[in-house]
Amino acid sequence: MKLFKAVATALALCAAFLAQARTLDEVKKDGKILIATEGQFAPFNFFDGSTLTGFEVDVAELVAKKMGLRIEWKTLGFDALLTGLRQDRWDLVIASHGITEERAKAVTFTDPHYCSGGMIIAMDPVIKNARDLAGKVVAVQTGTSYLENVQKVSSIKEMKNFPTDMDARSALVSHRVDAWVTDRFVAKAIAQKNPGVGFKLGDMLFIERIAAAVAKGNASLASGWNKALAEVLADGSYAALSKKYFDEDVRCH
Ligand code: ARG
């Protein structure tokens with residue numbers, strides 16, 4: 001019995017190691033694609049009560065429908081999302097990841113579903129651009145492109161990392177930091193929703209193209225996704241969603 005258990009455990013471990021990303025055909029045969037996101041990055045992916053929603057959640061639903069698939073969603077910490085792709089724990093990640101060289105070494109990005117960038121937000125209207133960050137404490141979410149780009153501003157006093165973007169925002173509101181760097185549409189939505197708080201939107205620190213990702217080298221799934229995304233971009237459904245969320249078209253040009 002003991003031996004049996006040991007063998008079973010060893011086999012399970014091997015299976016985990018040898019797990020291969022599912023190809024487009026395999027996913028199609030199953031009829032269901034497993035997609036991971038964070039769920040804490042409104043208006044892109046967030047919970048409305050217990051319902052996962054947001055612009056890119058809705059874009060993914062449109063794309064999956066074109067692919068003839070239904071989505072099973074998983075939500076977890078931003079930091080764990082791309083790592084899980086490498087372990088083949090889900091087929092695709094959509095969580096506002098900017099396409100960076102570093103990430104592209106570890107995963108395969110699809111075509112972008114929107115274009116945006118990191119914006120400087122402060123409570124003090126004097127802090128507007130990178131130069132104004134000199135000697136300041138800046139909040140960013142761990143594992144993001146904001147972190148990388150704030151790090152490049154060598155004159156800052158300190159960068160503080162937070163597990164979620166909302167925590168970084170709270171740090172700004174409670175004056176534990178001088179500035180917060182997040183997505184420009186996130187910033188816009190928050191400033192609009194909370195006019196009394198006094199968020200001051202500054203300049204963009206950098207721009208980026210945002211895309212979904214699949215396991216490194218999973219070309220069939222990436223191209224299946226890209227084909228369906230192109231259809232959604234062309235048939236007006238993307239435009240309607242973008243209008244609903246942002247009152248403008250956020251696609252990359
Ligand atoms: N666009 C930024 C990046 O590429 C932030 C993404 C944050 N996404 C999230 N779901 N919290 O890192």
Is a side-chain N or O of [X] found less than 3.5 angstrom from the main chain of [Y], in a donor-acceptor match?
X: Ser223; Y: Ala219; answer: yes
X: Lys136; Y: Glu158; answer: no
X: Arg251; Y: Leu233; answer: yes
X: Gln40; Y: Met166; answer: no
X: Ser220; Y: Leu24; answer: yes
X: Tyr238; Y: His113; answer: yes

Which residue is it: [options]? I am looking for the one with a side-chain contact (heavy atoms from CB on, under 4.5 Å) to [X].
X: Val27; options: Leu92, Leu34, Leu69; answer: Leu69
X: Val93; options: Val107, Leu81, Thr110; answer: Leu81
X: Thr182; options: Leu172, Ile190, Asp165, Ile120; answer: Asp165

Taking a hydrophobic cluster as the set of Ile, Leu, Val, Met, Phe, Trp and Tyr residues connected by side-chain heavy atoms closer than 4.5 Å, whether directly or through intermediates, do [X] and [Y] fall within one such cluster?
X: Trp225; Y: Val214; result: yes
X: Ile99; Y: Ile210; result: no
X: Phe109; Y: Met67; result: no
X: Leu147; Y: Met204; result: yes
X: Ile156; Y: Met123; result: yes

For [X] and [Y], which heavy atoms make the closest approach, and how far apart are they?
X: Pro112; Y: Ala211; result: CA-CB, 3.8 Å
X: Gly39; Y: Asn45; result: N-OD1, 2.6 Å
X: Val59; Y: Leu229; result: CG1-CD1, 4.3 Å
X: Asp88; Y: Ala215; result: OD1-CB, 3.9 Å
X: Gln141; Y: Ala168; result: N-CB, 4.4 Å
X: Leu82; Y: Ala213; result: CD2-CB, 4.1 Å

Output, in order, the C-alpha distance, side-chain angles, deciding distance and verdict of side-chain contact (heavy atoms from CB on, under 4.5 Å) for Thr53 and Asp58.
CA-CA 7 Å; Thr53 185; Asp58 288 355; 4.1 Å; yes
With sequence neighbours left out, write down each residue that passes salt bridge (Lys or Arg N to Asp or Glu O under 4.0 Å) with Glu72, or none if nothing qualifies.
Lys32
Would you say Asp48 and Thr51 are linked by a side-chain donor-acceptor pair, where the criterion is simply a distance under 3.5 Å?
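No, because no side-chain N or O of Thr51 sits under 3.5 Å from a partner of the opposite role on Asp48.
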Within the supplied structure, the quantity of interest is the number of heavy atoms (other residues, nucleotides, ligands) at a distance under 6.0 Å from [X] [atom1]; does it exceed 12?
X: Lys65; atom1: NZ; answer: no
X: Glu248; atom1: CD; answer: yes
X: Lys200; atom1: NZ; answer: yes

Would you check, one step at a time, whether the test side-chain contact (heavy atoms from CB on, under 4.5 Å) holds for Ile35 with Asp91?
CA-CA 6 Å; Ile35 304 188; Asp91 302 303; 6.0 Å; no
Pair Tyr114 + Phe44: ring centers closer than 6.0 Å:
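Judged by ring-centre distance (under 6.0 Å), Tyr114 and Phe44 do meet the cut-off.
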Can the ring centres of Phe55 and Phe46 be said to be less than 6.0 Å apart?
no
Could you walk me through whether Ser145 and Glu208 pass side chain to side chain donor-acceptor pair (under 3.5 Å), step by step?
CA-CA 9 Å; Ser145 53; Glu208 62 182 355; 2.8 Å; yes
Find out whether [X] and [Y] are in side-chain contact, i.e. whether some heavy atom of one side chain is under 4.5 Å from a heavy atom of the other.
X: Val173; Y: Asn194; answer: no
X: Ile207; Y: Ser116; answer: no
X: Glu61; Y: Ile71; answer: yes
X: Tyr245; Y: Glu56; answer: no
X: Leu133; Y: Ile127; answer: yes

May I ask you to say whether Glu148 pairs ionically with Arg103, meaning some side-chain N is under 4.0 Å from a carboxylate O?
no
Between Asp235 and Lys66, is there a salt bridge with N-O shorter than 4.0 Å?
yes
Step by step, would you call Phe47 with Thr75 a side-chain contact (heavy atoms from CB on, under 4.5 Å)?
CA-CA 10 Å; Phe47 281 93; Thr75 53; 3.6 Å; yes
Nearest 0.5 angstrom please: [X] [atom1] to [Y] [atom2], how far?
X: Leu221; Y: Lys28; atom1: CG; atom2: NZ; result: 10.0 Å
X: Leu241; Y: Asp249; atom1: CG; atom2: CG; result: 10.5 Å
X: Glu231; Y: Leu62; atom1: CD; atom2: CG; result: 11.5 Å
X: Met159; Y: Gln151; atom1: CE; atom2: CD; result: 4.0 Å
X: Phe206; Y: Met119; atom1: CZ; atom2: CE; result: 11.5 Å
X: Asn218; Y: Thr23; atom1: CG; atom2: OG1; result: 7.0 Å

How far apart are the C-alpha atoms of Gln20 and Glu26, what are their side-chain angles, what is the distance that settles it, and do they pass the side chain to side chain donor-acceptor pair (under 3.5 Å) test?
CA-CA 11 Å; Gln20 279 283 317; Glu26 285 166 338; over 6 Å; no
Test log, rule side-chain contact (heavy atoms from CB on, under 4.5 Å), inputs Ile33 and Trp90
CA-CA 8 Å; Ile33 182 167; Trp90 34 83; over 6 Å; no
Just say parallel, tilted or perpendicular for the rings of Phe246 and Phe185, cut-offs at 30° and 60°.
tilted
